[in-house]
Visitor: 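Submitted below is the structure of interest, expressed as structure tokens.
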Amino acid sequence: MTLIPQQVFDRLPSAIIVIDDQRRVMHANKSAVSLIGENALNRDLSLSLRHPVILDSADDVLAGATERAGEITIPAPVAQSFTFHVERLHDAPLPDGSFATLVLDDVTSAHKTEEMRASFVANVSHELRSPLTAIIGFIETLRGPASDDVDARQRFLSIMHRESQRMARLIDDLLSLSRVEVNEHVAPQDAVDVTQTLHNVMEALQPQAAIKRIKLNLNADKSTPVALGDADQLHQVFRNLIENAIKYSSDDSAVEVSSKSVARVPGSARPGLSVTVHDQGPGIPKSLIPRLTERFYRIDEARSNTAETGMSSTGLGLAIVKHIVNRHRGHMTAQSEIGIGSTFTVYLPAHPDQNAI
Ligand code: ADP
């Protein structure tokens, strides 16, 4: 029999435990030791891995079964799920006493990913379903009871228009999010004039701000360096932040946007710039701030009713911002005080060649 060196076993991600015919632990590779501890060696398996399904399976194999397999969850200290496989090595114990192997594979993150995928699909379906249900309802009314009612027709058509725009916005946001995620690991390399980008975004949002008589003020410090980034994605970051500031603020308030240079981007050693969007809106409870960048997270439905300016709420805006900022190796912070307003700050690395534009 060829003996495989211990180092090879230690490099395997699976936890491999070899037991004797008395269920004592004879060998354990590195992954197994981190699971059952150093003291497990030469002692009964039940002293280090107290899971009834595993122990029963090991007993079955020791009593004559060739193999047993299944899945278990160990609840403490943090719930972890494993697939396991117990198998007899030989009809009789080997000279060193080895008799059976127990192999465990951690499938916790695979389960989590699957849960996230399922809840994502459920959320998307729900978000698309509501406007679609409204549109179908109005089409039915227009074909039946309201077919000759000119006033109702105009009213219903405008609601259908709004609901279909909501669906289009949701699909656009989902596509943006998946595009950003696909190349999040590739840092962008363009030189971006952030001051000009802010100017363009604010000009484009002026009509929505005007509906609520909200003043948009830009204070771009001359020190603001050229950013190392992706121009379209940065446009989207600033658009989402300034749009939120307008969307959630009350009429006759002001949104202040400013930019300046910073010695270092937080969490990195690189010099950069910061862009701050400050509003006088309702504010966000401190405990909810960490949740803002979760997909589909909205503080409350009432606040998200923004039909007035035609800016609908998908709950994806800040998730997109977070992923774009991550891709830029930047950083984002949010501060807020109830009744006073919110301040979102994005930090971005500066382009190494400041004459690149
Ligand atoms: P949405 O499309 O709903 O605006 P976001 O991801 O951009 O999605 O924002 C998530 C939620 O955070 C919003 O629904 C809103 O409740 C809250 N929010 C975001 N920005 C602000 C702000 N400037 N002031 C108050 N609440 C905000």
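We count ligands from 1, going down the list as the structure has it; atoms in each ligand are counted the same way. What you see below is based on every heavy atom in this structure, not just the backbone, and it leaves out hydrogens, waters and symmetry mates.
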Visitor: Please work out whether any backbone atom (N, CA, C, O) or any side-chain heavy atom from C-beta onward of Glu243 is under 4.0 Å from ligand 1, and answer side chain, backbone, both or neither.
Guide: neither
Visitor: In ligand 1, which numbered atoms sit nearer than 4.0 Å to a non-hydrogen atom of Lys247?
Guide: 1 (P), 2 (O), 4 (O)
Visitor: Would you say Thr343 and His278 are linked by a side-chain donor-acceptor pair, where the criterion is simply a distance under 3.5 Å?
Guide: yes
Visitor: Between Leu318 and ligand 1, which part of the residue brings a heavy atom under 4.0 Å of the ligand: side chain, backbone, both or neither?
Guide: both
Visitor: Quick one: does Asn200's side chain get under 4.5 Å of Phe238's, heavy atoms only?
Guide: no
Visitor: Should you measure from each heavy atom of Leu316, which atoms of ligand 1 turn up under 4.0 Å away?
Guide: 6 (O), 8 (O)
Visitor: Can you tell me if Asn240 contacts ligand 1 (heavy atom of the residue under 4.0 Å from the ligand)?
Guide: no
Visitor: Less than 3.5 Å apart, any donor N or O on the side chain of Asp105 or His85 sitting next to an acceptor on the other?
Guide: no
Visitor: Can you tell which part of Ser342 has a heavy atom less than 4.0 Å from ligand 1: side chain, backbone, both or neither?
Guide: side chain
Visitor: Is it the side chain, the backbone, both or neither of Asp279 that has a heavy atom closer than 4.0 Å to ligand 1?
Guide: side chain
Visitor: Taking the side chain as everything from C-beta on, heavy atoms only, tell me whether Gln236 gets closer than 4.5 Å to Val321.
Guide: no
Visitor: With side chains defined as the heavy atoms from C-beta onward, is the minimum distance between Ser313 and Arg298 less than 4.5 Å?
Guide: yes
Visitor: Examine Pro282 against ligand 1 and note whether any of their N/O atoms are separated by less than 3.5 Å.
Guide: no
Visitor: Salt-bridge test for Glu243 and Arg169: reply yes if a basic N is under 4.0 Å from a carboxylate O, no otherwise.
Guide: yes
Visitor: For residues 214-232, which residue pairs pass the salt bridge (charged side-chain N to carboxylate O under 4.0 Å, His left out) check, not counting sequence neighbours?
Guide: Asp230-Arg327
Visitor: Enumerate the atoms of ligand 1 whose separation from the nearest heavy atom of Thr314 is less than 4.0 angstrom.
Guide: 1 (P), 2 (O), 3 (O)
Visitor: Does any donor atom in the side chain of Glu127 or Asn123 lie under 3.5 Å from an acceptor atom in the other side chain?
Guide: no
Visitor: Select one of side chain, backbone, both or neither to describe which atoms of Phe344 lie under 4.0 Å from any atom of ligand 1, heavy atoms only.
Guide: side chain
Visitor: Can a side-chain donor-acceptor contact be found between His111 and Gln80 if the only test is distance below 3.5 angstrom?
Guide: no
Visitor: Within ligand 1, which atoms have a heavy atom of Tyr297 less than 4.0 Å away?
Guide: 10 (C), 11 (C)
Visitor: Return a yes/no value for Ala319: is any of its N or O atoms, backbone included, closer than 3.5 angstrom to an N or O of ligand 1?
Guide: no
Visitor: Polar contacts were defined as any N/O atom of the residue lying under 3.5 Å from an N/O atom of the ligand; does this apply to Ser313 and ligand 1?
Guide: yes
